[in-house]
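One structure below.
Please read these numbers as outputs of a predicted model, since none were measured by experiment. Scope of the values below: all heavy atoms of this structure, side chains included, with no hydrogens, waters or symmetry mates.
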Amino acid sequence: KKLVEVDGAPYDAGALPCFGADGADRLLVSFTLSNQGSSVAENVLLRIQPGPRFAADEDALPPGVSVASGAVEAVCPTILPGETRRLLLPFRAADDACARVYDSTDVVASMTATYDGGYALSGKLVKDRFTVPDERAIDLPAHDFAIRRLLTSRSEVCPGGTVTLYLEVENGPVAATAVTAAYYGIINGTDTLLLAEQQIDALAAFSTAVLSATVDVPEEAQRFEYFVQLDPDAAYDEFCESNNVGGMQLPVAGREWILDVASHPNPMHNETTIRYTLPRETRGLTLAVYDLDGREVGRVASPPGGIGANSVVWRNGTLPAGTYFYTFHGTDADGEDVRFTGRVVKL
């Protein structure tokens, strides 16, 4: 067995592979079965166990080949003495291959061939069932960096202040040098700023590195989130690019508990979308709608209460035209009861 093609290009075991934008989309592996005995091999079953980061491309398997419990099974009814059969089977990265760093390079972990055959014993032909195991793996070394963990020095940030960002980087099976980490801040959900860049001089195979950067929080920040990207200029062709990015939102101190509340359309017909920004997480958030007499005419029990930009849709086509008030009610991070009231007109 051997790996013959990676994403449409012939595989060169002496060079690291080049992947498409979505990683290892398609690998072709050649399997060869040869009957070197003097009797017919019958009911031949080749069972192939993919490595933990790979799976068979079931949509492209040839006839007589199927997948059972994750393993690939190829059936050959007979292989004559001296005959050789060759199978080209497609594999791809498993669905969860990029959930962590590429820490197992086995495309095929092992395989086993079983068959019915015969041999002469005391002048008689004896039938038996034979098993031929092959535990040698087919591996695919490749670069892969992943963000393992993000931390900050503060539980909330202050506009005009600073915050230290901590980053733990994990490397895959191939050593690398001069790996860049870029820190970005997203201010109020719109402006993206490059906050800092750092370079990891050397990353050994299967190693980790911890970085830190102290960055400024702009005065105008009502909402602050940051994300880090490894190898932002794509200097390395990696097995997975999606695990290079991580981020988190940070509560902003000294701001109102809710900001930028607006409903659209307003006036409305049968529904309106109410958008709002929460500088800090709000627990137990509810939205109630009242008429001019103070009677509750609608309610959304659990609108989003997470940090950042949120929205909720209020629908009610049975209410008469008029002016209505909506009230957000919840508990902020300090345990304080908080409320906000806005107005919407129904046509």
Next on the checklist: Please report the interatomic distance CZ(R148) to OG1(T208), rounded to the nearest 0.5 Å.
Outcome noted: 6.0 Å

Next on the checklist: Looking at P50, is its backbone amide N or carbonyl O close enough to the side chain of D106 to form a donor-acceptor pair, meaning the two atoms are under 3.5 Å apart?
Outcome noted: no

Checklist entry - Could you state the interatomic distance from OG1 (T78) to CG (D116), rounded to the nearest 0.5 Å? => result 12.0 Å

Next on the checklist: If you compare all heavy atoms of A205 against all heavy atoms of P173, which two are closest, and at what distance to 0.1 Å?
Outcome noted: CB-O, 3.5 Å

Next on the checklist: If hydrophobic residues (ILVMFWY) are linked whenever their side-chain heavy atoms come closer than 4.5 Å, directly or via other members, who joins Y166 in its cluster?
Outcome noted: L151

Checklist outcome for this item: Residues passing the salt bridge (charged side-chain N to carboxylate O under 4.0 Å, His left out) test with D139, sequence neighbours excluded, are none

Checklist entry - In the hydrophobic cluster built from side-chain contacts under 4.5 Å, what are the other members alongside V174? => result L16

Item to check | Pairwise distance CD(E42) to CZ(R129) - rounded to 0.5 angstrom | outcome: 10.0 Å

Checklist entry - Is Q36 atom CD crowded by more than 12 heavy atoms from other residues, nucleotides or ligands, each under 6.0 Å away? => result no

Checklist entry - Below 4.5 Å, heavy atoms only, C-beta onward: do D144 and N243 meet side chain to side chain? => result yes

Checklist entry - Looking only at side chains, do T114 and T131 share a donor and an acceptor under 3.5 Å apart? => result no

Next on the checklist: Through direct or indirect side-chain contacts below 4.5 angstrom among Ile, Leu, Val, Met, Phe, Trp and Tyr, which residues connect to V312?
Outcome noted: W257, I258, V261, M268, I274, Y276, L278, L285, L287, V289, V297, V300, W314, L319, Y324, Y326, F328, V338, F340, V344

Checklist entry - So, does D231 use its side chain to make a donor-acceptor pair with the main chain of Y236 at under 3.5 Å? => result yes

Checklist entry - Residues sharing F325's hydrophobic cluster, by side-chain heavy-atom contacts under 4.5 Å among ILVMFWY, directly or via others? => result L292

Next on the checklist: Working to the nearest 0.5 angstrom, can you tell me the gap between I200 CD1 and F145 CZ?
Outcome noted: 8.0 Å

Item to check | Pairs satisfying ring pair (Phe, Tyr, Trp, His ring centres under 6.0 Å), at least one member in residues 182-204, at least two apart | outcome: Y184-F227

Next on the checklist: Check whether N35 reaches the backbone of L33 with its side chain - one donor and one acceptor, N or O, closer than 3.5 Å.
Outcome noted: no

Checklist outcome for this item: Closest heavy-atom pair, V228 versus A181, reported as atoms and distance to 0.1 Å, is CG1-CB, 4.4 Å

Checklist outcome for this item: Taken in chain and number order and not counting sequence neighbours, the residues that satisfy salt bridge (charged side-chain N to carboxylate O under 4.0 Å, His left out) with E271 are R315

Next on the checklist: Closer than 3.5 angstrom, by distance alone: can the side chain of T272 be matched with the main-chain N or O of P265 as a donor-acceptor pair?
Outcome noted: yes

Item to check | Verdict with reasoning, H329 to D337, per side-chain hydrogen bond (donor to acceptor under 3.5 Å, both in side chains) | outcome: CA-CA 8 Å; H329 178 212; D337 189 72; 2.5 Å; yes

Item to check | Test item: D293 side-chain N/O and R295 main-chain N/O as donor-acceptor pair under 3.5 Å | outcome: no

Checklist entry - Below 4.5 Å, heavy atoms only, C-beta onward: do C76 and L46 meet side chain to side chain? => result no

Item to check | Whether D134 side chain and M111 backbone form a donor-acceptor pair below 3.5 Å | outcome: no

Item to check | Steps toward salt bridge (Lys or Arg N to Asp or Glu O under 4.0 Å) verdict (D7, R26) | outcome: CA-CA 5 Å; D7 284 353; R26 184 175 174 84; over 6 Å; no

Next on the checklist: Is there a path of hydrophobic side-chain contacts, each under 4.5 Å between heavy atoms of I/L/V/M/F/W/Y residues, joining V157 to I307?
Outcome noted: no

Next on the checklist: With heavy-atom distances below 4.5 Å as the criterion, would you say the side chains of V108 and F91 are in contact?
Outcome noted: yes

Item to check | Residues which pass salt bridge (charged side-chain N to carboxylate O under 4.0 Å, His left out) with K346, listed by chain and number, not counting sequence neighbours | outcome: none

Item to check | S104 side chain vs P52 backbone, donor-acceptor pair below 3.5 Å | outcome: no

Checklist entry - How about L167 and V169: do any of their side-chain heavy atoms sit closer than 4.5 Å? => result yes

Checklist outcome for this item: Value for CD1 (I147) from CG (L230), rounded to nearest 0.5 Å, stands at 4.5 Å

Item to check | Heavy atoms of other groups near E83 CD, more than 12 under 6.0 Å | outcome: yes

Item to check | Partner set under ring pair (Phe, Tyr, Trp, His ring centres under 6.0 Å) for Y290, not counting sequence neighbours | outcome: none

Item to check | Check: P303 and N310 side chains under 4.5 Å, non-hydrogen atoms | outcome: no

Checklist entry - Do F31 and I48 come within less than 4.5 Å of each other through their side chains, counting heavy atoms only? => result yes

Next on the checklist: Could you check whether any side-chain heavy atom of L150 comes within less than 4.5 Å of a side-chain heavy atom of L165, counting everything from C-beta outward?
Outcome noted: no

Checklist entry - Please, which pairs that meet side-chain hydrogen bond (donor to acceptor under 3.5 Å, both in side chains) have at least one residue in residues 47-66, sequence neighbours excluded? => result R47-E73, R53-D103

Checklist outcome for this item: Sequence neighbours excluded, the answer for side chain to side chain donor-acceptor pair (under 3.5 Å) partners of R149 is E168

Checklist entry - If you look at every heavy atom in D237 and C18, which pair is closest and at what distance? => result OD2-CA, 2.8 Å

Next on the checklist: Using side-chain heavy atoms (C-beta onward) and a distance below 4.5 Å, is Y226 in contact with V163?
Outcome noted: no

Checklist entry - Can you tell me how far the CD atom of E225 sits from the OG1 atom of T192, to the nearest 0.5 Å? => result 8.0 Å

Checklist entry - What heavy-atom pair brings R283 and G335 nearest, and what distance separates the two atoms? => result NH2-CA, 4.0 Å

Checklist entry - Considering residues at least two apart in sequence or located in another chain, which fulfil the salt bridge (charged side-chain N to carboxylate O under 4.0 Å, His left out) criterion with K124? => result none

Item to check | Closest non-hydrogen atom pair, T84 against S34 | outcome: OG1-OG, 3.4 Å

Checklist outcome for this item: When every non-hydrogen atom of V4 is compared with those of V29, the smallest separation belongs to CG2-N, 4.4 Å

Checklist entry - Take atom CZ in R343; do more than 12 heavy atoms of anything else shown fall under 6.0 Å from it? => result no

